[in-house]
Amino acid sequence: MTANRKTPNELAITPRDLTFGEGAAHERHWLAGDPVATAFYNALSATFPLGERFFMDSVRRYGHLAGPPLDGQIAAFLAQEAVHSREHLLFNSQVAGHGYDVAAMEARTRARIAFVKTRPPIAQLAATVALEHFTAILAHAVLADPRHFEGVAPEARALWRWHAMEEIEHKSVAFDTFCAASRDMPAIRRWALRTTAMAFATVLLFSNVFASMGSMFRTDGIDRIATWGRVMGFLFGRPGILRQALPSYLGYYAPGFHPWMNDDRALIVDLERTLAAAQPGVA
Ligand SMILES: [Fe+2]
Ligand SMILES: [Fe+2]
């Protein structure tokens with residue numbers, strides 16, 4: 001871990017207008033036939049189109065405060081998130097095609113975003129910073145440990161890994177925008193706002209994800225204690241994405257935190273080559 005406290009000067013944020021899954025729908029339990037793992041990622045995917053639009057709006061609102069290079073990074077962030085939303089809408093329509101109630105999942109996300117939108121714009125940006133940290137640390141976990149997408153068809157695997165790499169690339173954009181927007185705030189108040197937003201965001205995100213997983217388990221007829229035991233094993237045991245992400249999650253609460261304190265760009269290099277080979281001319 002490199003102890004940067006700012007975004008690397010030479011950071012490249014590259015929007016890649018790729019498309020996945022138009023030719024072939026993914027299977028019902030596309031993650032290695034596992035209904036638990038599939039439900040977790042389906043639930044996350046259901047939050048993305050609405051969540052990412054909210055992130056884009058929250059950051060764009062303060063774009064006028066950003067000088068170079070942050071202004072260019074914001075433009076690249078907006079471009080990346082727009083394509084993520086487009087691709088996850090397609091993915092989510094395939095999830096709905098398997099009989100899962102995606103509309104109800106989206107309604108839950110919409111209600112949570114409506115609640116956050118009752119807060120002042122700077123608090124909305126703080127919530128975006130928190131959730132962008134979540135996506136970046138989950139992205140790190142899935143790219144660092146190949147077990148997460150073992151047994152997944154190439155198209156779905158490429159979608160999730162492409163999204164993960166771009167989340168890592170743009171992980172400091174909302175944070176740096178928040179620093180610009182709150183520069184006149186006392187440091188302690190800025191820290192309190194950022195960390196309180198994270199505590200709320202954690203509750204809102206996981207209550208949402210677990211409710212959506214429950215709805216998919218009901219559709220599959222497996223909403224019972226044993227299934228939820230498997231959920232805990234999957235999240236905290238093997239492969240244990242939340243166990244793996246926990247130290248980085250807690251690091252967010254430190255006063256001197258910056259997303260690039262963990263410079264994990266090395267995770268992107270190999271993947272970029274794979275994606276370029278799979279979709280020549282567009283990467
Ligand atoms: Fe995204
Ligand atoms: Fe993002």
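Ligands are counted one by one from 1 in listed order, and the atoms in each one are counted from 1 as well. Index from 1, following the sequence.
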Check: Going by the angle between their ring planes, with limits at 30° and 60°, are His29 and Tyr100 parallel, tilted or perpendicular?
Finding: tilted
Note to self: Please report, to 10°, the angle around the Fe ion (ligand 1) from atom OE2 (Glu167) across to atom NE2 (His163).
What the structure shows: 90°
Checklist line | Of all N/O/S atoms in Glu132, the name of the one nearest the Fe ion (ligand 2) | finding: OE2
Notebook entry, point to check: Taking Phe91 as the fixed residue, which of Arg86, His26, His163 is the one that meets the side chain to side chain contact (heavy atoms under 4.5 Å, CB included) rule?
Noted result: His26
Margin query: Applying a strict under-4.5 Å side-chain criterion to I, L, V, M, F, W and Y, I'd like to know whether Phe217 and Leu235 cluster together.
Written below: yes
Check: Under the side-chain hydrogen bond (donor to acceptor under 3.5 Å, both in side chains) test, which residues partner Thr177, sequence neighbours left out?
Finding: none
Note to self: Which atom name does Glu81 have for its N/O/S atom nearest to the Fe ion (ligand 1)?
What the structure shows: OE1
Next item on the list: Please calculate the ND1(His84)-the Fe ion (ligand 1)-OE2(Glu52) angle and round it to 10 degrees.
Entry: 110°
